[in-house]
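Worksheet: one structure, shown below.
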There are 2 protein chains.
Amino acid sequence: MANSAGVGHDLGWALGAVFRCYARTVTEAMATLPGGPRGYQVLSAAVHAAPRTQLALAQQLGIDRTVMTYLIDDLARAGLIERQSDPTDRRARRVVATEAGRSELDQLDDALRTAEEVVLAPLDETDRATLRGLLCRVARHAMAGPDEAATGALG
Amino acid sequence: MANSAGVGHDLGWALGAVFRCYARTVTEAMATLPGGPRGYQVLSAAVHAAPRTQLALAQQLGIDRTVMTYLIDDLARAGLIERQSDPTDRRARRVVATEAGRSELDQLDDALRTAEEVVLAPLDETDRATLRGLLCRVARHAMAGPDEAATGALG
DNA sequence: TATTGTTATACTCTATAACTATA
DNA sequence: TATAGTTATAGAGTATAACAATA
């Protein structure tokens, strides 16, 4: 394919290839988690942040609220999170992580670290830091512009 | 979300954000092209490389051969490519670009250049080259490992 | 019998709308 | 009347399987 007319291809191709490699590794690591990568997002939010309602969670993560219902159904069935009645509004449900959920998240985070290692394998520490820095600068700029609700979806 | 336990998030988040920003811009640029980004891949292959059969094209681009049928139907209906009988194998159809297809591809390539500019806007020329270089190194390594048929798919 | 391309069918994911129970 | 959550329905996109023509 070494045609020089490839244009924007250089960046687009590399970006796509790297993203897919990372996404594939991450998705594999989350193969057994209900909801896959998005299940991870919900679980992570439930563990790290104060309990929020399903709607708040859905808006934060850029997930449709009807999808959030199924997602939480599955995660709750797996015993990773729980729905708790909101004492101040009996319509709302607060999403909280269980002990099992916290432990599961720890394992998943390990897997994510590994996935990152796999992707960055060909670079030494200096180059990794450089790539991270440049990507983050570009990412922050990209998020600043248009409305970007999704905070970590894979694709 | 400023929790330091965010783990691999730094890379994964930035990668996802940048990728989605680029993918969105590119997809918008190809909104009127039949088949969207994948229509572009087929058109580009038809223009730049020697005519190939639908199956060869499908395998090269990582597209299912049944999808390729629809894709080529739409591109042909738009007058951008043509199906030609393969003289050496009457089962096969060679995919070739029309003049209109070539011209359309030129315009799309312009749009891609612009999309790249949009994404890389916050970086100066030196940093852009650095990012490109690092991403390409990582991408080449990622492609070398597992079977990666898809050469430029976005989603 | 195997292969290219097409067509028909089914499945997955997601979005839309309707429903309930609260407010 | 509006909102949180659920459920039901429909749509897009994709994969699977069956088919026709040719090798």
Side-chain angles (χ1 to χ4, degrees), chain A residues 20 23-24 27 30-42 45-46 50-77 81-96 147 149-150 152-155, chain B residues 20 23-24 27-28 30-42 45-46 50-77 81-96 147 149-150 153-155:
Chain A
R20 278 193 308 277
R24 176 165 32 82
T27 301
M30 295 171 178
T32 65
L33 182 74
R38 277 196 311 196
Y40 170 83
Q41 290 182 261
V42 173
R52 269 165 300 208
T53 67
Q54 297 186 191
L55 187 61
L57 221 49
Q59 287 168 343
Q60 175 195 329
L61 299 178
I63 298 173
D64 193 274
R65 76 182 205 227
T66 67
V67 176
M68 183 61 76
T69 297
Y70 303 132
L71 219 46
I72 291 184
D73 281 350
D74 296 342
L75 289 168
R77 196 156 27 229
I81 61 176
E82 281 178 356
R83 277 189 253 243
Q84 291 181 358
S85 320
D86 185 328
T88 72
D89 185 343
R90 289 204 296 175
R91 290 173 304 181
R93 305 296 154 97
R94 288 168 171 277
V95 179
V96 297
D147 56 315
L154 284 179
Chain B
R20 278 193 307 276
R24 176 166 31 80
T27 301
E28 278 169 16
M30 296 171 177
T32 64
L33 181 75
R38 278 195 311 195
Y40 170 83
Q41 290 182 261
V42 173
R52 270 165 301 208
T53 67
Q54 295 187 192
L55 186 61
L57 220 49
Q59 287 168 343
Q60 175 193 329
L61 299 177
I63 298 173
D64 193 274
R65 78 181 202 222
T66 67
V67 177
M68 184 61 75
T69 297
Y70 302 133
L71 220 43
I72 292 183
D73 282 350
D74 296 342
L75 289 168
R77 195 154 29 227
I81 61 176
E82 281 177 354
R83 276 189 254 243
Q84 291 180 359
S85 320
D86 184 329
T88 72
D89 184 343
R90 289 204 296 175
R91 292 172 303 181
R93 305 297 153 100
R94 288 168 171 277
V95 179
V96 298
D147 56 316
L154 285 178

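Model, not experiment: these values are computed from the prediction. So that the names make sense, note that chain A is the first sequence line, chain B the second, and so on, each numbered from 1.
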Could you check whether A/Arg94 gets within reach of a base, just the sugar-phosphate, or nothing at all, counting any heavy atom under 4.0 Å?
nothing
Minimum heavy-atom distance B/Ala46-B/Val96, with the two atoms named
CB-C, 4.3 Å
Would you mind reading off the distance between B/Asp73 atom CG and C/dT6 atom C1', rounded to a whole angstrom?
9 Å
Restricting to side-chain contact (heavy atoms from CB on, under 4.5 Å), what partner residues turn up for B/Leu71, sequence neighbours left out?
B/Arg38, B/Val42, B/Ile63
Whole angstroms only, please: what is the CD1-C1' distance between B/Ile72 and C/dT7?
15 Å
OP1 or OP2 of C/dT6 under 4.0 Å from side-chain N/O of B/Thr69
yes
Could you state the CZ-P distance from B/Arg91 to C/dG5, rounded to the nearest angstrom?
9 Å
Separation of C/dA10 P from B/Asp64 CG (nearest whole Å)
18 Å
For atom CG of A/Leu71 and atom P of C/dC13, their distance in whole Å:
11 Å
Whole Å only: how far is the CD atom of B/Gln84 from the C1' atom of C/dT4?
17 Å
Name the nucleic acid region contacted by A/Asp89, choosing base, sugar-phosphate or nothing; use a 4.0 angstrom heavy-atom cut-off, strictly under.
sugar-phosphate
In this structure, CD of B/Gln60 is separated from CD of B/Gln41 (nearest 0.5 Å) by 9.0 Å
Test side-chain contact (heavy atoms from CB on, under 4.5 Å) applied to A/Met68 and A/Val95, A/Thr53, A/Leu57, A/Leu55, the passing residue:
A/Leu57
Taking atom P of C/dA2 as reference, at what distance in whole Å does atom CG of B/Leu55 sit?
17 Å
Distance check: side-chain N/O of B/Arg52 vs OP1/OP2 of C/dT4, anything under 4.0 Å?
no
If you assign each of A/Tyr70 and B/Thr66 to its closest nucleotide in DNA chain C, which residue comes earlier from the 5' end?
B/Thr66
Earliest and latest nucleotide of DNA chain D, 5' to 3', sitting under 4.0 Å from a non-hydrogen atom of chain B?
D/dT14 to D/dA23
Write out all pairs satisfying salt bridge (charged side-chain N to carboxylate O under 4.0 Å, His left out) with one or both partners inside residues 64-73 of chain A, taking only residues at least two apart or from two chains.
A/Asp73-A/Arg83
Return yes if the base of C/dT22 and the side-chain atoms of A/Arg90 contain a donor-acceptor N/O pair under 3.5 Å, otherwise no.
no
Give the rounded distance in Å between these two atoms: CZ of B/Arg93 and P of C/dT7.
11 Å
